[in-house]
K.L.:
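Dropping a structure here in structure tokens format, bear with me for questions.
Residue numbers start from 1 in every chain, and the chains themselves are labelled A, B, ... in the order their sequence lines are given, proteins ahead of strands. Predicted, not measured: the structure shown is a model, and the values here were computed from it.
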Amino acid sequence: MTARPIAAVEFTAWRAGQRSAIAGLALLSVVCLLAVFGPAMAPGPWVISGDVLVPPSAAHPLGTDDLGRDVRTGILLGARVSLLIGVIAASLASTVGLAIGGIAGMRGGVVDEVLMRIAEVFQAMPRLFLILVVVTVYGSGLWLVAILVGATYWPSSARLVRSQVMMVRTADFVTAARALGCGSARVLLRHVLPSAVGPLAVHAAFQAGGAILVEAGRSFLGVGDSSMVSWGGMLSEAHHFMRDAWWIGVFPGLAITLTVLAWSLLADGLTPRRS
Amino acid sequence: MSERRRASLLRFATRRVLLLGPFASLLVVAAFTLIQLAPGDPILLLAGDGGTPAYYAELRAYYGLDRPLPVQLTRYAGALLRGDLGQSLTYQRPVAGVVLDRLPATLVLGFAALVVGVGAGLGLGLLAVQRPHGRMDGAIRLWTSIAYATPVFWLAQGLLLLFAVKLAWLPLGGMTSVRDTGTALGGVVDVLRHLLLPALALGLSLSAVTGRVARASLLDALQAPFVLAARARGASHTRVLLRHALPNAVIPVVTVVGHHAGSVLSGAALTEVVFAWPGLGKLLLDASLQRDVPLAMGVFLVGMVSVVVANVVVDITYHALDPRLELR
């Protein structure tokens, strides 16, 4: 390693973090805009609107698929599914994680042990396997899948919250709050948990990206919510035509990658760096 | 290993293995509940809706569906313990046999991907720590972010298109060629040729995680006193990196992959579908699309058990290899 002044290294790391967060936010804003205004911007609904497998042209900037649907329309409409699944799953995981991690961390002992064992069961689930089994039995709604993803994501959130809680529960300000007569619920909610919210938010951003990948995966397998256009579903249909029509495979894949990348860059930029 | 350490490691391992008991019970109850809550009546599915109530009642009694739920649960758990996962509706064979036929393919793919993923991750880590927070480090950080964000099936499709369709260097899919390869060696080479692309796709997507962990553990190792000692003895930079830091980074990297066994299995399922690799993922998808509930449930249970066993094995190995860890 070449010697560089520590301050300079720290500054470089900090600047890299800033850039990462800004890039992530910028990309995410674009996806949000698409999710809100996509249907209005699209030239029409997700129906046959031209010849089949037309390469990108003026009429169809991203080409058409094997049924003659405009790929641009699909990209515009699919943003909604991706954003929804990411936000719902991550919020769900964070909420459950905050509650369970908070209780486990504050109580400790048997309660902690039991809750963490249950967390292990959920954490071990191969997500896609769980989704496929549940879809076999119950059918494939977007909400159902969002809940399933959230159900497999809460354990890591709970662990994070738990470790934060364990760190601060013996801090002076917590003792002071107790001394002032706060009940344990108030201590937990007003004094202990707020310190876990920052790291949890970063974690949730990572999870939102992960949830998008899971949803894309299950739509790719052909068990997606058939009432909504999704990028993963577009890739599933593209599979047999990629040789002749690169555009139906490339654009949805790019859309997924960029959206997930946006969440990761944001989370990455918000993570405090050590040098 | 000291006698005391050995004894406490044994205690640790026993505890981890014993904890599998409650875990398995929870899993069985969950699976049973999932089936019970399913909409639709299995008897109507079996006999159609033209039968008389007496006939339905007879069938219900025959399959034990008229018994109280706790009794049914006990019978279900007992059957699972005997390795009886029920009968597949589409294969008309016991689920356990169908699943066991497909398990090796997934294990082979998973292991090959593990080798690629750990190898690529360590390589990226070694490059990144040449100059922490330097240009190369930043580029690798971005690369791992992109690798994480890229859907594994999209990457797989790209590799397939390039190497199997356009260049035609490798087979399009499946695990073996239709034509006879003659010798046993020819057969192995044939499987390896089929394995290369799926393993590469899954391994590259794993390298997103392994690359970051490798970087962090290499950095940690490089700051350790033993590295300073090696430098003081005059070891070259390369030697310090490869002989002293690298061995310490391998364990955390393999461990993190073990703890991600569930994601590896999910990724394997997607990769299998793209390359028509005859593993569990493909089987589960087919079962799901055909509404073959017993088969889907069987694959799920076997998948869960594999993941948990992988976790326990990794945990115990990790603690056995690293004497600094406290055994609890």
K.L.:
For B:Leu161, is it the side chain, the backbone, both or neither that has a heavy atom under 4.5 Å from a heavy atom of chain A?
P.N.:
side chain

K.L.:
Is it the backbone or the side chain of B:Ala30 that comes under 4.5 Å from a heavy atom of chain A, or both, or neither?
P.N.:
neither

K.L.:
Taking all atoms of both residues into account, what is the closest heavy-atom pair of A:Gly217 and B:Leu270, and its distance?
P.N.:
O-CD2, 3.5 Å

K.L.:
Say you draw a straight line from NE2 of A:His239 to CD of B:Gln157; how long is it, rounded to the nearest 0.5 Å?
P.N.:
5.5 Å

K.L.:
Side chains of A:Val133 and B:Leu284: closer than 4.5 Å at any heavy-atom pair?
P.N.:
yes

K.L.:
Over all heavy atoms of both residues, which pair between A:Leu213 and B:Tyr148 is shortest? Give the atoms and the distance, please.
P.N.:
CD1-O, 3.3 Å

K.L.:
Side chain, backbone, both or neither: which part of B:Leu26 has an atom under 4.5 Å from a heavy atom of chain A?
P.N.:
side chain

K.L.:
Using 0.5 Å steps for rounding, measure from the CG atom of A:Leu132 to the CZ atom of B:Phe300.
P.N.:
10.5 Å

K.L.:
How long is the straight-line distance from CG of B:Asn311 back to CD of A:Glu120, given to the nearest 0.5 Å?
P.N.:
8.0 Å

K.L.:
In Å and rounded to the nearest 0.5 Å, what is the CG to CG distance from B:Leu142 to A:Leu265?
P.N.:
7.0 Å

K.L.:
Which pair of non-hydrogen atoms, one from B:Pro151 and one from A:Ile256, has the smallest distance, and what is that distance?
P.N.:
CG-CG2, 3.5 Å

K.L.:
Look at B:Ala31, B:Gly262, B:Gly281 and state which one has the largest set of heavy-atom pairs under 4.5 Å with chain A.
P.N.:
B:Gly262

K.L.:
If I take atom OG from residue B:Ser266 and atom CD1 from residue A:Ile131, how far apart are they, to the nearest 0.5 angstrom?
P.N.:
8.0 Å

K.L.:
Taking only residues at least two apart or on different chains, which pairs with a member in residues 108-132 of chain A satisfy ring pair (Phe, Tyr, Trp, His ring centres under 6.0 Å)?
P.N.:
A:Phe122-A:Trp154

K.L.:
Could you tell me which residues satisfy ring pair (Phe, Tyr, Trp, His ring centres under 6.0 Å) with A:Trp246, sequence neighbours excluded, listed by chain and number?
P.N.:
A:Phe251

K.L.:
Does B:Trp154 reach the main-chain N or O of A:Gly249 with its side chain, forming a donor-acceptor pair under 3.5 Å?
P.N.:
yes

K.L.:
If you count every heavy atom of other residues, nucleotides or ligands that lies below 6.0 Å from A:Arg107 atom CZ, does the total exceed 12?
P.N.:
no

K.L.:
Find the one option among B:Asp137, B:Leu27, B:Val273, B:Val274 whose heavy-atom pairs under 4.5 Å with chain A are most numerous.
P.N.:
B:Val274

K.L.:
Tell me, side chain or backbone of B:Val299 under 4.5 Å from chain A's heavy atoms, or both, or neither?
P.N.:
both

K.L.:
If you look at every heavy atom in B:Ser145 and A:Asp268, which pair is closest and at what distance?
P.N.:
OG-OD2, 4.3 Å

K.L.:
B:Leu289 versus chain A, heavy atoms under 4.5 Å apart: side chain, backbone, both or neither?
P.N.:
side chain

K.L.:
Most heavy-atom pairs under 4.5 angstrom with chain B, which of A:Ala216, A:Pro252, A:Gly222?
P.N.:
A:Ala216

K.L.:
Please look at A:Leu258 and chain B and tell me whether the side chain, the backbone, both or neither of the residue comes under 4.5 angstrom of a heavy atom of that chain.
P.N.:
neither

K.L.:
Counting only heavy atoms closer than 4.5 Å, note whether B:Val264 contacts chain A via side chain, backbone, both or neither.
P.N.:
neither

K.L.:
Can you tell which part of A:Ile212 gets under 4.5 Å to a heavy atom of chain B, answering side chain, backbone, both or neither?
P.N.:
neither

K.L.:
Return the option, out of A:Leu130, A:Val135, A:Val223, with the maximum number of heavy-atom pairs under 4.5 Å with chain B.
P.N.:
A:Leu130

K.L.:
Give the minimum heavy-atom separation between B:Met304 and A:Met125, together with the two atoms involved.
P.N.:
SD-CA, 3.5 Å

K.L.:
Is the backbone of A:Thr257 close enough, under 3.5 Å, to the side chain of B:Thr150 for a donor and an acceptor to pair up by distance?
P.N.:
no

K.L.:
B:Gln290, B:His260, B:Arg212: which one forms the most heavy-atom pairs within less than 4.5 Å of chain A?
P.N.:
B:Arg212

K.L.:
Need one label for B:Leu160: side chain, backbone, both or neither, based on atoms under 4.5 Å from any heavy atom in chain A.
P.N.:
side chain

